[in-house]
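See below for the structure under consideration.
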There are 2 protein chains.
Amino acid sequence: MDNAGRQASPSFDRRRRRHLQTREEILDAALEVMSEEGVAALNLTEVARRVGLRQPSLYQYFDSKTAVYDALFSRGMRQHTAALRDAASAAGGGLAALRAAMIATVRFSVDNPVLSQLLFTRAVPGFTPSAEAYRPSLEAQELLQSELATAVQRNELHPEADSERGRGLLIALAAGVSSLQDANDPGAAFDDGRFTPLIEPALEMYASYFAPDR
Amino acid sequence: MDNAGRQASPSFDRRRRRHLQTREEILDAALEVMSEEGVAALNLTEVARRVGLRQPSLYQYFDSKTAVYDALFSRGMRQHTAALRDAASAAGGGLAALRAAMIATVRFSVDNPVLSQLLFTRAVPGFTPSAEAYRPSLEAQELLQSELATAVQRNELHPEADSERGRGLLIALAAGVSSLQDANDPGAAFDDGRFTPLIEPALEMYASYFAPDR
DNA sequence: GTCTATAATAGGATAGAC
DNA sequence: GTCTATCCTATTATAGAC
C-alpha cells in the first residue's frame, strides 16, 4: 500500500489525532448553535465561525450537514448509554440499578435538552440516523431489560414488571418527567429543576405498583 | 364610521366569512406541510400551492410566517382544551373525569403529533406564542386542578394528589406515554398505537399510589 | 488543509398592475 | 383579493488557488 509507511509514522498519528480533535470541536460548536437557534436550525457558517474556520473548510471534516447530525446522534447515543450503564453498575444491579438508570436518563435529558431532541424525537425534518449511529441505544435497551430481570429474580419487583407493559411504564415515567421539565422550566439544570425531583416519587409509585407481593 | 353601513350589509358578512374560511384552509394546509416536512420546516410557497393561491396572496390572510404559527398555536390550544373539557364533563367529574381528561390528552397528542410539537415543545426556533394564543392552556390547567380537588373531596384520591407533586405526576404520565408512542411507533393513531394502551395501567398506577386510605 | 470566490437554490417578503 | 415580478437574504455545497 502507498500509505503503509505513513500510517506507521508518528507524524501521521499526530495529524490524525488533530483531525479527530477538530471534528469534536465542530460537534461541540454545532450543539451550541443548536441550543441557541433550535435543533432544526443548525447553521454551518456559524459553526465554522466558532471553531475559527471558514464554512467550506468544514467539508474536510464532514461530507454534509446530515453527516454532522449523524455524528452528533452517534456521539450522543454513546454518551447516554454510558451514563446509563455507569449509573446502573454503580448501584449494584436490580431495582437500585433501575432507579439509578432512570435518574441518569432524566439528568442526561434535562442537562442536554437539544441533544435529547435529536436523539429521542423527530425534531429534525430530513434526518434519519444511520444504523451504526443507532446501535448504542440497543445496548441501553438490553441493559434495562437485564436489570428488570435481576430485580424480579431478587424478589424486588413483581414478574409483571419484566414485560413490555412494565418496561414501557418505566420508560414513560422518565420521558414524562423530562418533557414536563423541558416544557415548563426550560434552561434549568437537573439539580435546579422544578420538575426533575418528580422522578423520585415517580419511581416510588412504579415500585409500589409492581411490588413483588401483589 | 365609514364602514358602519358595510358591516350591516349581508354581502360584507359573506365576504368576511369567506375570508375566515380561507384562513382555516391555510392553517389546515400548513399542518399538512409540517406533517410531511417537519414542524420547523413550514414552507409558505407549498402551503399556497395547496390552497390554490400564489405565495404572496397568503399575506392577505397572515402578516408573516410567525403569524401563521401563532394562529396554529392558538387554534391548537383551543382544540386541546375543548377535548379535555368535553372528556372531563362527559365523565361526570372527579377521578373519572381526570382519567378521561388524561386519555383525551394522549389521544390528542398522538393523533396530532405535529401540532403537539408546536404546542408542548420548543421545536420551532424563532417562535414564541403570543399571550392571547397561550391563554386557553390556563383554562385547561384550572380545569385539571378543579377535578383533582373534586376527586379528593369525593374521597376518590388522597389529599396529597392535589398538590404540585400530584399534579406533576399526573401530567408526566400522559406526557410520557405520548412521547413513548411518538418516538417508537410514529404514525400510528391512538387506537392502533403499540404504546397508547399504557395510559390505562399508568392511570391505575397513579390512582393506587394516591389511594385515599394510604 | 485552509482559503476566496461562486454556484445553486430556496424561501420570506414587498411593489404595483389588474 | 389575486396576480406577476422582483428583491433580498440566507445557506449548502463545489471549484480551484495557495
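Letters go in sequence order (proteins before strands), and every chain restarts at 1.
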- Message: Under 6.0 Å between ring centres: does that hold for A/F12 and A/H19?
- Response: no
- Which residues satisfy the side-chain hydrogen bond (donor to acceptor under 3.5 Å, both in side chains) test with B/R49, sequence neighbours excluded? B/E46
- How many Å lie between CG on A/L44 and C1' on D/dT14, as a whole number? 14 Å
- Task: Check each of B/L180, B/V110, B/D182 against B/F195 using the side-chain contact (heavy atoms from CB on, under 4.5 Å) test, and report the only one that passes.
- Result: B/L180
- Would you check if there is a donor-acceptor pair between the side chains of B/T81 and B/R85 at a distance under 3.5 Å? no
- In whole Å, what is the span from the CZ atom of B/R49 to the P atom of D/dC3? 14 Å
- Item | A/E25 CD to C/dG1 P, straight-line distance once rounded to whole Å | 14 Å
- Task: Measure from CD on A/E46 to P on D/dA10 and round the result to the nearest Å.
- Result: 12 Å
- Message: With the threshold set at under 4.0 Å for non-hydrogen atoms, list the residues of residues 54-75 of chain A touching DNA chain D in residue-number order.
- Response: A/Q55, A/P56, A/Y59, A/S64, A/K65
- Rounding to a whole Å, what distance do you find between A/M34:CE and D/dT11:P? 15 Å
- Query: So, A/F210 versus A/Y206, ring centres under 6.0 angstrom or not?
  - Reply: yes
- On DNA chain D, nearest-nucleotide positions of A/A41 versus B/T22: which is more 5'? B/T22
- Message: Determine whether B/R75 and B/D28 satisfy the following criterion, salt bridge (Lys or Arg N to Asp or Glu O under 4.0 Å), listing intermediate values before the conclusion.
- Response: CA-CA 11 Å; B/R75 196 179 70 162; B/D28 291 336; 2.9 Å; yes
